[in-house]
Trainee: 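Pasting a structure below so you can have a look.
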Number of protein chains: 2
Amino acid sequence: MEKRATIKDVAEAAGVGVATVSRVLSGGSASPSTRERVLAVAAQLDYRPSALGRNLRQRRTGGIGLLVPDLTDTFYAQLSEGVLACARAAGEPVVVGSTGGDPEQEAELVGMLLEQSVDRLIAVPTGGADTWAPALKAGMTVVFADRLPAEAAPDEPDAFTDLLLLDGLAAPPPAPRPLDAPAVLADDRAGVRTAVRYLRGLGHRRIAFLGGPGHERRAGAFREAVGAPVDEELVVFATGSRDSAYAAASGLFQSRPDLTAVVAGGNVLGEAAVLAARELDLRVPRDVSLVMYDDVPWAELCSPPLTVIAQPGRDMGYRAAELVLRGGPRRARSVTLPTELIVRGSCGPRRT
Amino acid sequence: MEKRATIKDVAEAAGVGVATVSRVLSGGSASPSTRERVLAVAAQLDYRPSALGRNLRQRRTGGIGLLVPDLTDTFYAQLSEGVLACARAAGEPVVVGSTGGDPEQEAELVGMLLEQSVDRLIAVPTGGADTWAPALKAGMTVVFADRLPAEAAPDEPDAFTDLLLLDGLAAPPPAPRPLDAPAVLADDRAGVRTAVRYLRGLGHRRIAFLGGPGHERRAGAFREAVGAPVDEELVVFATGSRDSAYAAASGLFQSRPDLTAVVAGGNVLGEAAVLAARELDLRVPRDVSLVMYDDVPWAELCSPPLTVIAQPGRDMGYRAAELVLRGGPRRARSVTLPTELIVRGSCGPRRT
DNA sequence: AAGCATGATGGAATCGTTTCCATGGAGAAG
DNA sequence: CTTCTCCATGGAAACGATTCCATCATGCTT
């Protein structure tokens, strides 16, 4: 447990000033002879610059924060792997936090990152603008992934708002100042629309949407895809936990035995739907068809293998990390990645 | 993007010295009146002490490192959630790295953590003593989870060594100095033994073990459980990737069509086994019985639902975090957590 | 040959905190 | 009344890097 060599030690041993050592190590100008000598001494002392000193001087920690609702959700795990891969390539450490889908915990974690002077953050947001505006105002470079904070004005108004506007029932909302942060999203609108059309094509008319926290956007896309009139009883939300997802799925099946197809807004919801259906002796796809968000490895293991809306989770993470790392003065543009409907065996024609 | 208040600002505004502010904030002695005033000013200025200054002064980053092979492996995700939960309770940030099961990347990540002065680390090790001895010597408090580094002398010599010793074929190995770090492990020996006995009880005689990197301990337990003579062809190893796992599983089934049962050393291996069996038209459990390590949520979704050896992944992570946080001068004791065989539907009687 | 530009170099300031130490005042004990 | 003790308090020194700036030597231009 001998203590590490500091820049001062290197400077002394090489007979130069600390400034010179610093310059050599960070690629500044130096004569070839000194450069060589310093490098040799540094190697010999096994000198590694301490991030502590550097960080303090530069008033930023370096490294990037990553906030996801739940790592055991395979999609977020994939996304995280993408972030980690990009960060490793850049040599940056990643501080990960799991919010559990709870705005309060999320806010707490943001506070912690702020305290650590982590000034670059990738987040799958749970809370709304009230959580995120402060972070942005504190100078953090934030990139959202998978979805935007609830109150942030989406680029495209959601279907529900559209309907209201069309009906002349509501004035345009006072446009809650959009959070000034780029995002990496999947094309939910297209993904859901494709899934709904596919189910429609199989003859399904009573299609339900089973969502979790943060799936409002997908729910909106779903409403839009099924078109008015939307049977709101067929749009149900669970909270973050697996138990809640199961309860929501089971409740849905029981309260509306007339439904013939379900779109699950996330893989945890899909899992719950399969379980609930089995418990209620509903056979997939004979009695109920299922399309699940996220192409997770185990989707293929189910029986029948699940038809899914695939999102490129790993890529999304990687792209988000690229954005946040580049993230200079001019804020980066958001990017939307395509989804793909992967047809396996969990959807069948409607049986009367 | 106004800059944050520093301790100096608070001191000035409160009309006291910085030392006093620091003391008040960290619970040192101060008169009630000053304490109150400082607290008020701090709150009013929204002062949050910067971890940067503190870390530099204390020559350690605080926070803990976490290294796992792959976050998309649900077991490691569970373990990580446990670590994160404990760390959040303690208000400590967690720097996560994914090694991909590659000793080189692992070593690189350890180096990065060292550079960040992260001095407490929880690791699911991939590399051997050569990776870990340096980290320990550098003064890191390391807690291993799920397994020990390869070359570290296990508390209990593995079965293979035992056999050699019994046969008088080898001198006791020169006891590679055991790494001086506690670990949180599952009781692999009992877990595997229970699984093998269960399969034996169903009539299976040719049982294979399908392992991945780091499953040597489980393989050892397997050899011990099946007893000599061990058919070494029935013990196969994949490298870290899903592809490799699939290849190993498929190769195993094809090269030894006589096997009737498989123990998979991890959930990724189990997934691969199910896939490979399906591809080869082997039916589970009719043609081949399967026991998989890790009770992951999707084990129940498979058809048939998978019989598993459950490890308390979340608990393991939580305990590891407790150990590393407590981890003071006296090194903590290792802990071994129980496993449980959860019988579902993937094992059946041997059919001839 | 003198002046000027260029580039290498080291000293010192800086970042924000904790902590050591000296100071001063107040209360207690003699 | 004096001396001793104790505590609140603030100044200043770390911590380990980066970086500004002044200095000095060298080589080139005029």
Side-chain angles (χ1 to χ4, degrees), chain A residues 2-39 41-42 45-63 91 93 112 114-119 138-139, chain B residues 2-39 41-42 45-63 91 93 112 114-119 138-139:
Chain A
E2 63 274 17
K3 57 181 165 304
R4 278 166 51 186
T6 75
I7 198 176
K8 212 171 156 189
D9 300 327
V10 177
E12 258 167 47
V16 299
V18 290
T20 304
V21 176
S22 175
R23 267 187 300 256
V24 167
L25 262 18
S26 46
S29 70
S31 79
S33 75
T34 21
R35 148 166 274 110
E36 196 181 348
R37 187 152 34 102
V38 168
L39 253 23
V41 170
L45 289 180
D46 188 32
Y47 168 70
R48 304 172 59 93
S50 157
L52 256 36
R54 179 188 0 235
N55 291 346
L56 176 56
R57 176 63 220 249
Q58 308 184 329
R59 310 160 76 155
R60 34 168 301 195
T61 283
M112 193 254 279
L114 234 25
E115 190 161 322
Q116 300 288 327
S117 302
V118 172
D119 60 352
Chain B
E2 63 274 19
K3 57 181 165 304
R4 278 165 50 186
T6 75
I7 198 175
K8 213 170 154 188
D9 300 327
V10 178
E12 259 168 46
V16 299
V18 290
T20 304
V21 177
S22 175
R23 267 187 300 256
V24 167
L25 260 19
S26 45
S29 70
S31 80
S33 75
T34 24
R35 147 166 275 112
E36 196 182 347
R37 188 153 33 103
V38 167
L39 253 23
V41 170
L45 258 44
D46 189 33
Y47 167 71
R48 303 171 60 92
S50 156
L52 256 37
R54 180 191 358 240
N55 291 345
L56 175 57
R57 177 61 222 248
Q58 307 184 331
R59 311 159 70 145
R60 34 167 302 197
T61 282
M112 192 255 278
L114 234 24
E115 190 162 319
Q116 299 289 328
S117 301
V118 172
D119 60 352

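Computed over heavy atoms, backbone and side chain alike; hydrogens, waters and symmetry mates excluded. The sequence lines fix the lettering, A, B, ..., with proteins before strands; numbering per chain opens at 1.
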Trainee: Over how many whole Å does the gap from B:L114 atom CG to D:dG16 atom P extend?
Mentor: 14 Å
Trainee: Is the shortest side-chain heavy-atom distance between A:E36 and A:L39 below 4.5 Å?
Mentor: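 With C-beta onward as the side chain, the pair stays apart.
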Trainee: Distance check, rounded to the nearest 0.5 Å: B:N55 atom CG versus B:T61 atom OG1?
Mentor: 5.0 Å
Trainee: I want to confirm an ordering. Mapping B:L56 and B:V21 to their closest nucleotides on DNA chain D, which one lands closer to the 5' end?
Mentor: B:V21
Trainee: Counting only side-chain nitrogens and oxygens, does B:S31 get under 4.0 Å of the OP1 or OP2 atom of D:dT9?
Mentor: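 For D:dT9, OP1/OP2 do have a side-chain N/O of B:S31 under 4.0 Å.
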Trainee: Base, sugar-phosphate, or nothing: which does A:G17 touch, judged by heavy atoms less than 4.0 Å apart?
Mentor: sugar-phosphate
Trainee: To the nearest Å, how far apart are B:E12 CD and D:dG10 P?
Mentor: 13 Å
Trainee: Could you tell me the separation between the CZ atom of B:R37 and the OG1 atom of B:T20, rounded to the nearest 0.5 Å?
Mentor: 9.5 Å
Trainee: Roughly, in whole Å, what's the span from CZ in B:R37 to P in D:dA8?
Mentor: 14 Å
Trainee: Please state whether the base of C:dG10 and the side chain of A:R23 form at least one donor-acceptor pair under 3.5 Å?
Mentor: yes
Trainee: For the helix from C:dA1-D:dT30 to C:dG30-D:dC1, what angle lies between the axis at the first five pairs and the axis at the last five pairs, to 10 degrees?
Mentor: 50°
Trainee: Quick check: on DNA chain D, is the nucleotide nearest B:Q58 upstream (toward 5') of the one nearest B:P32, or the reverse? Name the residue that is more 5'.
Mentor: B:P32
Trainee: Reckon A:T20 has a side-chain N or O less than 4.0 Å from the OP1 or OP2 of C:dG10?
Mentor: yes
Trainee: Taking all non-hydrogen atoms of both residues, which atom of A:V10 and which atom of A:V21 are closest, and how far apart?
Mentor: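 For A:V10 versus A:V21, the nearest heavy atoms are CG1-CG1, 3.9 Å.
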Trainee: Can you measure A:R48 atom CZ to D:dG16 atom C1' for me and round it to whole angstrom units?
Mentor: 15 Å
Trainee: Does the side chain of B:T34 get closer than 4.0 angstrom to OP1 or OP2 of D:dT9 through an N or O atom?
Mentor: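 It does, given that an N or O in the side chain of B:T34 lies less than 4.0 Å from OP1 or OP2 of D:dT9.
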Trainee: Report yes or no: is there a donor-acceptor pair, N or O only, under 3.5 Å between the side chain of B:R57 and the base of C:dT17?
Mentor: no
Trainee: Just how far, in rounded Å, is C1' of D:dG11 from NZ of B:K8?
Mentor: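 Distance check: B:K8 NZ to D:dG11 C1' gives 12 Å.
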Trainee: Do the non-hydrogen side-chain atoms of B:R59 and A:S50 ever get within less than 4.5 Å of each other?
Mentor: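 No, their side chains stay 4.5 Å or more apart.
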Trainee: Quick one: which of D:dG16, D:dG10, D:dC20 gets closest to the side chain of B:A19?
Mentor: D:dG10
Trainee: Measure from CZ on B:R60 to P on C:dT19 and round the result to the nearest Å.
Mentor: 11 Å
Trainee: Could you tell me whether the phosphate oxygens of C:dT18, OP1 or OP2, come under 4.0 Å of any side-chain nitrogen or oxygen in B:S22?
Mentor: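 The answer is yes; a side-chain N or O of B:S22 sits under 4.0 Å from OP1 or OP2.
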Trainee: Please determine whether a side-chain nitrogen or oxygen atom of A:T6 lies at a distance below 4.0 Å from atom OP1 or OP2 of D:dG16.
Mentor: no
Trainee: A:V38 versus A:R23: any side-chain heavy-atom pair under 4.5 Å?
Mentor: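 Not in contact.
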Trainee: I need the A:D119 CG to A:L114 CG distance, nearest 0.5 Å.
Mentor: 9.5 Å
Trainee: Quick one: B:L52 CG to D:dT18 P, roughly how many Å, whole number?
Mentor: 14 Å
Trainee: Looking only at side-chain N and O atoms, does B:S50 come under 4.0 Å of OP1 or OP2 in C:dT17?
Mentor: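 No, because none of the side-chain N or O atoms of B:S50 sits under 4.0 Å from OP1 or OP2 of C:dT17.
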Trainee: Would you mind reading off the distance between A:L25 atom CG and D:dT19 atom P, rounded to a whole angstrom?
Mentor: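 Going from A:L25 (CG) to D:dT19 (P), I get 13 Å.
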Trainee: Does A:R59 put a side-chain nitrogen or oxygen below 4.0 Å from OP1 or OP2 of C:dG16?
Mentor: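 Yes, A:R59 has a side-chain N/O under 4.0 Å of OP1/OP2 on C:dG16.
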Trainee: Mind checking if A:I7 touches a base, just sugar-phosphate, or nothing, with heavy atoms under 4.0 Å?
Mentor: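 Touches a base.
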Trainee: Any side-chain heavy-atom pair from A:E115 and B:R54 closer than 4.5 angstrom?
Mentor: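 Counting from C-beta outward, A:E115 and B:R54 do come under 4.5 Å.
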